[in-house]
There are 2 protein chains.
Amino acid sequence: MRQKVKEAAEALDYHPNLAAQSLIARRSFLIGLTYERPSPSYVVELQNGALSRLDDGRYRLVVLPFAHVASRPEELGKLLLRAGLDGVLLAPPASDQPLLLDMLERQRLPYARITPHSDLDRGLVVAMDESAAGHAVAQHLLALGHRRIGIILGDPSHAASIGRLEGYRRAFAEAGVGIDDDLIVTGDFTYAVGYEVARTLLASAKRPTAVLAQNDDMAVAAIAAARELGLSVPQDLSVAGFDNSEVSRTAWPPLTTVNQPVAQMAWDAADRLIAMLDGKTVPELPQRRDHAHELLVRASTAAPAA
Amino acid sequence: MRQKVKEAAEALDYHPNLAAQSLIARRSFLIGLTYERPSPSYVVELQNGALSRLDDGRYRLVVLPFAHVASRPEELGKLLLRAGLDGVLLAPPASDQPLLLDMLERQRLPYARITPHSDLDRGLVVAMDESAAGHAVAQHLLALGHRRIGIILGDPSHAASIGRLEGYRRAFAEAGVGIDDDLIVTGDFTYAVGYEVARTLLASAKRPTAVLAQNDDMAVAAIAAARELGLSVPQDLSVAGFDNSEVSRTAWPPLTTVNQPVAQMAWDAADRLIAMLDGKTVPELPQRRDHAHELLVRASTAAPAA
DNA sequence: GATACGCCTGACAACGTTTACCGATTCTCG
DNA sequence: CGAGAATCGGTAAACGTTGTCAGGCGTATC
């Protein structure tokens, strides 16, 4: 009987109406993903990671990019609450907005936070130790013998910037090397701005022998700026990035960087969010999952010229 | 009165239940976007373009990547039909699958096709003349004086590959230059495969003086392969890409390429799809909209060495 | 032949809206 | 002051499912 009904349904191309199912099940089977405007490869990895967990087709992924979260978290909150989602994945910097988390909690919209920096005990958290990762890459340059190291920060409204910088500082302190604040410039994680600030950094009187960029896009921009000035990488200047995004592999020379397992973290976040939605009681879920970074030494860094 | 109700709703954080609205309105206010696995920047541009049209918040965008469409179009059809969408944006190569279009039409799921190559009168179409674009970039290399030009094709299951190649052939014929089939290699639009086939191309006895790659990722891969062999670009080898994706701007040297207004085309596709969904009768809509390509000459191409 | 059990059928309420309609009330204007 | 229009509150139906419950039928058990 069951079989016959299924066959008939198939023959008639019948699909149950999802709106009616949602109405009675009291959920929409929609998962949101919100992110700011980071590099394309970061977005795509995030998306693919989340989708690979959703691929049984029960849940669907709605993308909700939102610019300037830090200055208007309530607006993002409204957007998310109006979107009729069952749960939402928060990529940085939205994952670090206490006001946003407040709103979501008040309205009972479950969320999973991807690499937040503060309030690590709040909600579902998929974490990576940004500070340790920053430490690793800074230590690598110091071990090569660099002493005058420039730093290109990402968008200061992303907590990741602060975390990574903190790691750099630790590594410098351990090596007994002082940080020259004149060699710290601030970008916003994009190539365009990265290029501009890299130019001013490299044109300064005390030009560094190495550059720590807080993501790969800005690192590639720094390489381009160096070439414009007639410097070759890594002979005259070492450049290290962050993220192990596609561009780090396709750049020339391939970038030394830190792998951030973005796709895997997004999978994990989706996995835990869904487990929660499917009614696994919260206590049996660990609140937080940590992922390891990995330093990838490639051809863009070398010992400084004597 | 109206005002008072709105205030009360606001005060209570009341949001109407979207599932119930969908049920009665007989639509879900979900738009799907399906694509294969092209470069990250293409996906992101596509997405942002579509989202910029959707940003009034009435419609939401669901992403549905799907690999190997050409070999299993019906599966994608089922996925789309089960997703409860009001309409779907088809990026290549899904936009060129007649079986898929058949299924969507049979089930009355409206769709908009982005840069299809065949059946241009079917459904809503946002087109670009791939052949003319291919012609433009090939002509550029020929005008510089190149005669031995290598070609790196994209995935042959994408109609775009064929269209662009057709344009190359026209330009070659006009210049009275024969195409050497040994200098044509086939990639799949990815960096990794592009790198491999570029190596074999450049290692061949009759090494070309210029390379036409069918997208920017493969062009960048060709530059990397050239560097590995000690060739510098553009002195020893000119390389032209396709798409004007972010990587073409961030590469070194910046790539000569053809701008494909992806974001704008996605906006257009979303615009027309929504106009259709909102009940504008089909006749008053033009069936097809064309977008112009634009040759962007940058630093990766130059006259061949004497 | 009575009882218990399984499977199937049909009827009905519920989910949270929107739309339509009716009668009652208030407002506007001559 | 009265006619007509506008507004209001209330009620009911509909959207397409899922879940429950009662009742009917057939089969196995004692």
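For clarity, every value in this text was computed on a predicted model and none was experimentally measured. Within every chain, numbering begins at 1; the chains are lettered A, B, ... in the order of the sequence lines, protein sequences first and strands thereafter.
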> Which one, D:dG16, D:dA14, D:dT17, comes nearest to the side chain of B:I24?
Replying inline: D:dA14
> Which listed nucleotide (C:dT18, D:dC15, D:dT17) is nearest to the side chain of B:R26?
Replying inline: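 The answer is D:dC15, which lies nearest to the side chain.
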[X] [atom1] to [N] [atom2], straight-line distance once rounded to whole Å:
X	N	atom1	atom2	answer
B:N17	D:dA14	CG	P	21 Å
A:L18	D:dT18	CG	P	10 Å
A:R27	D:dT18	CZ	C1'	14 Å
A:L23	C:dT18	CG	P	12 Å
B:R82	D:dT17	CZ	C1'	17 Å
B:Q21	D:dC15	CD	C1'	13 Å

> Is it the case that A:R72 places NZ or CZ above or below the six-membered ring of A:F66, under 6.0 angstrom from the centre and within 45 degrees of the axis?
Replying inline: yes
> Does B:R164 count as lying over the ring of B:F242, i.e. NZ or CZ under 6.0 Å from the six-ring centre, within 45 degrees of the axis?
Replying inline: yes
> Between A:Y14 and D:dT17, does any side-chain N or O lie under 4.0 Å from OP1 or OP2?
Replying inline: yes
>> Looking at every heavy atom in both A:R60 and A:S28, which two are closest together, and how far apart are they?
In response: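 Between these two residues, the closest heavy atoms are NH2-O, 2.8 Å.
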>> If you define the side chain from C-beta out and look only at heavy atoms, does anything of A:M265 sit under 4.5 Å from A:T115?
In response: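 The answer is yes; the side chains approach within 4.5 Å.
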